[in-house]
Novice: 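The structure is given below, and queries will be raised subsequently.
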Amino acid sequence: MVEILPLGRFSHQRLEWKRWVPAFMSSHKTLFMVLWIAAFASVFVWQRNIVDGFWVFGRAQMKPMPRLRPVAFNLTDFGGVGDGVTVNTEAFERAVSAISKLGKRGGAQLNVPPGRWLTAPFNLTSHMTLFLAEDAEILGIQDEKYWPLMPPLPSYGYGREHPGPRYGSLIHGQNLKDVTITGHNGTINGQGQTWWKKYRQKVLNHTRGPLVQIMWSSDILISNITLRDSPFWTLHPYDCKNVTIRNVTILAPIFEAPNTDGIDPDSCEDMVIEDCYISVGDDGIAIKSGWDQYGIAYGRPSMNILIRNLVVRSMVSAGISIGSEMSGGVSNVTVENLLVWGSRRAVRIKTAPGRGGYVRQITYRNLTFDNVRVGIVIKTDYNEHPDDGYDRKALPVLEDISFTGVHGQGVRVPVRIHGSEEIPVRNVTFRDMSVGLTYKKKHIFQCAFVEGRVIGTIFPAPCENLDRYDEQERLVKRSFAQNITDIDYDF
């Protein structure tokens, strides 16, 4: 049976609904308006406090520069003008001079505000923080007559490109302690295009200068900045101890920017390089320790270096290199969590007869190669010498080098270890390796004069020069062919 509601009861319900709906809508409009205003205010406060450069009534609220020292100066306090035209060398020099008098008080901080600050090279001082604000850009003056000449590096014998004096760096420091270069990702721009062109035209009479060079110093921190378009090597710590380079972006064109290495630790000890992005026209990182007889005589190794969490690109050279100038020795280096993409080589060790020195206790861990021509390279015939005075019997030692967790795709030749009868490569270990190939040639794991082992199964199949062990590191097959050569230079 279907119940039929009386007409009066239905009319009563409809009247109640008509009275309730406007009240509901009115109260909920009020509630909605309150919530909308609260949400807008929350976004306003969040953007003002979190998002950099949020516009409020036409005025940008910039991220404040923190005070990291007892005293803080602005470059404008010393007459700096950030218009990209005014030369600010004297302003930088006056600021550094003022900071140099405050060492006993903990030093001081020099803030570089937003703007384009053109300058010739200048020196830093101890107990100093150089802080680059967001949108601050230090520009290197392009006329080489404003770049001072310096003596050649003692471990190189003469300027790397020309005998005699060399150009100094844009930002320079010697015999310093407790120096920080940091900021809100401001930029130091070497404007290297003019230098690269003159280098190719062979009209320069001296070796080009780095962008940032710190020498004979300790307790150095470089973080949260961008370095770009260096005339020569970008960041060059020389004979330094306790150096940290963190969260730094280093850029140069991947072609036609000669010798623009990203970071070159040179005879350095106790160093960390982490969380960086590097895309340059030469090696992303090149660990060095002097050149032939001059490096042997100087005798300062690079040691205790940790490189981790990097993304690197190098279409001309390699992502991470050791050498070729390694005559003072290189030891105890760890490279881990590295991605190399779109590059000619991923990781490389390079040396030659006459270098002397050693490369030992090198650990590579968790490497990823993406579209790389050659993944792992060890080269012992990199025959470039400062002069004819090198000792041809000074043979480098290469030993104790391990590769664990090597993966990737689009690699033509995953491994090329080119030892020689004079310079064999000893105690090399491969473990957990699987690399996708783009080149289906027989010899894609190339070896010559190498001794070592493979633990477990790796892909591609290793060369016959290496002993085979199972996953429990039990010997499966001993190699009797360490001197076999299958190096192929057709590509």
Novice: Under 3.5 Å, is there a donor on one side chain and an acceptor on the other for N304 and D270?
Specialist: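 Yes, a side-chain donor-acceptor pair sits under 3.5 Å.
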Novice: With R246, which residues qualify under side chain to side chain contact (heavy atoms under 4.5 Å, CB included), at least two apart?
Specialist: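 Residues passing side chain to side chain contact (heavy atoms under 4.5 Å, CB included) with R246: L221, S223, T244, E274, D275.
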Novice: Do R313 side-chain atoms and G342 backbone N/O form a donor-acceptor pair below 3.5 Å?
Specialist: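 Checking the backbone N and O of G342 against the side chain of R313, a donor-acceptor pair under 3.5 Å is found.
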Novice: Could you check M128 against V96 for side-chain contact (heavy atoms from CB on, under 4.5 Å), going step by step and ending with a plain yes or no?
Specialist: CA-CA 8 Å; M128 173 180 179; V96 172; 3.9 Å; yes
Novice: Which residues satisfy the ring-ring contact (aromatic ring centres under 6.0 Å, His included) test with F122, sequence neighbours excluded?
Specialist: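 Checked F122 against ring-ring contact (aromatic ring centres under 6.0 Å, His included); matches are F92.
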Novice: Distance alone, cut at 3.5 Å: any donor-acceptor contact between the side chains of D229 and Q193?
Specialist: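 Present: a donor and an acceptor within the cut-off.
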Novice: Please check this pair: side chain of S343 against backbone of S314, looking for a donor-acceptor N/O pair closer than 3.5 Å.
Specialist: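 Such a contact is found between S343 side chain and S314 backbone.
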Novice: Could you tell me if N205 and H162 have a donor-acceptor pair between their side chains, going purely by distance under 3.5 Å?
Specialist: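 Side-chain D/A pair, H162 to N205: absent.
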Novice: Just jot down the ring-ring contact (aromatic ring centres under 6.0 Å, His included) partners of W196, sequence neighbours excluded, or say none.
Specialist: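 Not a single residue meets the ring-ring contact (aromatic ring centres under 6.0 Å, His included) criterion with W196.
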Novice: Quiz question: by atom type and distance under 3.5 Å, do the side chains of H385 and D292 form a donor-acceptor pair?
Specialist: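 Side-chain D/A pair, H385 to D292: present.
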Novice: Does any N or O in the side chain of S331 come within less than 3.5 Å of the main-chain N or O of M303, such that one atom is a donor and the other an acceptor?
Specialist: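 Between the backbone of M303 and the side chain of S331 there is no qualifying donor-acceptor contact (under 3.5 Å).
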Novice: Under a 3.5 Å distance rule, please check whether E161 uses its side chain to pair with a backbone N or O of L204 as donor and acceptor.
Specialist: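 It does not hold such a pair.
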Novice: Locate the shortest heavy-atom distance separating L176 from S126; write the atom from each residue and the value.
Specialist: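 Heavy atoms only, the tightest pair is CA-OG, 3.4 Å.
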Novice: Do we see a donor-acceptor contact under 3.5 Å between the side chains of S479 and D467?
Specialist: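 Judged by distance alone, the side chains do not pair up.
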Novice: Indicate yes or no: at least one non-hydrogen side-chain atom of E422 is less than 4.5 angstrom from one of R392.
Specialist: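 No - every pair of side-chain heavy atoms lies 4.5 Å or more apart.
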Novice: Any sub-3.5 Å donor-acceptor pair from R166's side-chain atoms to P151's backbone N or O?
Specialist: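 Yes, because the side chain of R166 sits within donor-acceptor range (under 3.5 Å) of the backbone of P151.
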Novice: Please say whether more than 12 non-hydrogen atoms of neighbouring residues, nucleotides or ligands are located less than 6.0 Å from CD in E421.
Specialist: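 Open.
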Novice: Show the nearest heavy-atom pair for residues S302 and I287, with the distance to one decimal.
Specialist: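 Minimum heavy-atom separation between S302 and I287: CB-CG2, 3.7 Å.
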Novice: Indicate whether the side chain of T194 and that of Q142 have a donor and an acceptor atom separated by less than 3.5 Å.
Specialist: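 The answer is yes; a qualifying pair exists.
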Novice: What verdict does the side chain to side chain donor-acceptor pair (under 3.5 Å) test give for N247 and Y277, after you've listed the backbone C-alpha separation in whole Å, the side-chain angles of each residue and the deciding distance to 0.1 Å?
Specialist: CA-CA 8 Å; N247 195 26; Y277 178 85; over 6 Å; no
Novice: Checking side-chain contact (heavy atoms from CB on, under 4.5 Å) for the pair T119/I138: CA distance, chi angles, key distance, verdict?
Specialist: CA-CA 7 Å; T119 181; I138 296 175; 3.7 Å; yes
Novice: In chain order, what residues pass the disulfide (SG to SG under 2.5 Å) check against C240, with sequence neighbours excluded?
Specialist: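 Result, disulfide (SG to SG under 2.5 Å) vs C240: none returned.
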Novice: Shortest non-hydrogen contact from P70 to G107?
Specialist: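 Looking at all heavy atoms of both residues, the shortest contact is CD-O, 3.8 Å.
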Novice: When you look at R228 and T249, which way does the side-chain contact (heavy atoms from CB on, under 4.5 Å) test go after all the steps?
Specialist: CA-CA 8 Å; R228 67 176 309 133; T249 300; over 6 Å; no
Novice: Show your reasoning for whether side-chain contact (heavy atoms from CB on, under 4.5 Å) applies to T129 and L110.
Specialist: CA-CA 6 Å; T129 295; L110 176 59; over 6 Å; no
Novice: Check step by step if salt bridge (charged side-chain N to carboxylate O under 4.0 Å, His left out) holds for E325 and K350.
Specialist: CA-CA 8 Å; E325 308 94 323; K350 47 184 178 177; over 6 Å; no
Novice: Table please: side-chain donor-acceptor pairs of residues 398-406 below 3.5 Å, with sequence neighbours left out.
Specialist:
from: E399; atom 1: OE2; to: R360; atom 2: NE; distance (Å): 3.1
from: D400; atom 1: OD1; to: N427; atom 2: ND2; distance (Å): 2.6

Novice: Please find the pair of heavy atoms, one from P460 and one from M433, that lie closest to each other, and give the distance.
Specialist: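 It is CD-CE, 4.4 Å.
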Novice: Would one find more than 12 heavy atoms of other residues, nucleotides or ligands at under 6.0 Å from atom NZ of K241?
Specialist: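 It does not: K241 NZ has 12 such atoms or fewer within range.
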Novice: Ignoring hydrogens and geometry beyond distance, is a side-chain donor-acceptor pair present between S327 and Y298 at under 3.5 Å?
Specialist: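 Short answer, no.
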Novice: If I compare all heavy atoms of T438 with all of R412, which pair ends up nearest, and what's the gap?
Specialist: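 Scanning both residues completely, I find the closest heavy atoms to be OG1-CG, 3.4 Å.
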Novice: Is the ring centre of F430 less than 6.0 Å from the ring centre of F445?
Specialist: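 Ring-ring flag for F430/F445: true, centres closer than 6.0 Å.
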Novice: Less than 3.5 Å apart, any donor N or O on the side chain of R344 or S317 sitting next to an acceptor on the other?
Specialist: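 No donor-acceptor contact under 3.5 Å links the two side chains.
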Novice: Between M326 and G323, what is the shortest heavy-atom contact and its length?
Specialist: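 Closest heavy-atom pair between M326 and G323: CG-CA, 4.0 Å.
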Novice: Run the ring-centre check on Y167 versus W195 and record whether the distance is less than 6.0 Å.
Specialist: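 So the answer is yes for these two rings.
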Novice: List for me each residue that meets ring-ring contact (aromatic ring centres under 6.0 Å, His included) alongside F131, sequence neighbours excluded, and say none if there are none.
Specialist: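 F131 satisfies ring-ring contact (aromatic ring centres under 6.0 Å, His included) with H184 only.
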Novice: Find the distance between CD (Q472) and CD1 (I455) and round it off to the nearest 0.5 Å.
Specialist: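 Nearest 0.5 Å value for the CD-CD1 distance: 10.5 Å.
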Novice: For R160, I'd like to know if atom CZ has over 12 heavy atoms of other residues, nucleotides or ligands within 6.0 Å.
Specialist: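 More than 12 heavy atoms, drawn from other residues, nucleotides or ligands, come within 6.0 Å of this atom.
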Novice: I need the N123 CG to S100 OG distance, nearest 0.5 Å.
Specialist: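 With rounding to 0.5 Å, CG (N123) is 11.0 Å from OG (S100).
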Novice: Would you tell me whether Q293 and D391 have side-chain atoms, one donor and one acceptor, within less than 3.5 Å of each other?
Specialist: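 Checked: Q293/D391 side chains show no N/O donor-acceptor pair below 3.5 Å.
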Novice: Counting N and O atoms only, with roles assigned by atom type, does the side chain of S230 sit under 3.5 Å from a partner on the main chain of W233, one being a donor and the other an acceptor?
Specialist: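 Yes, S230 side chain to W233 backbone: donor-acceptor pair under 3.5 Å.
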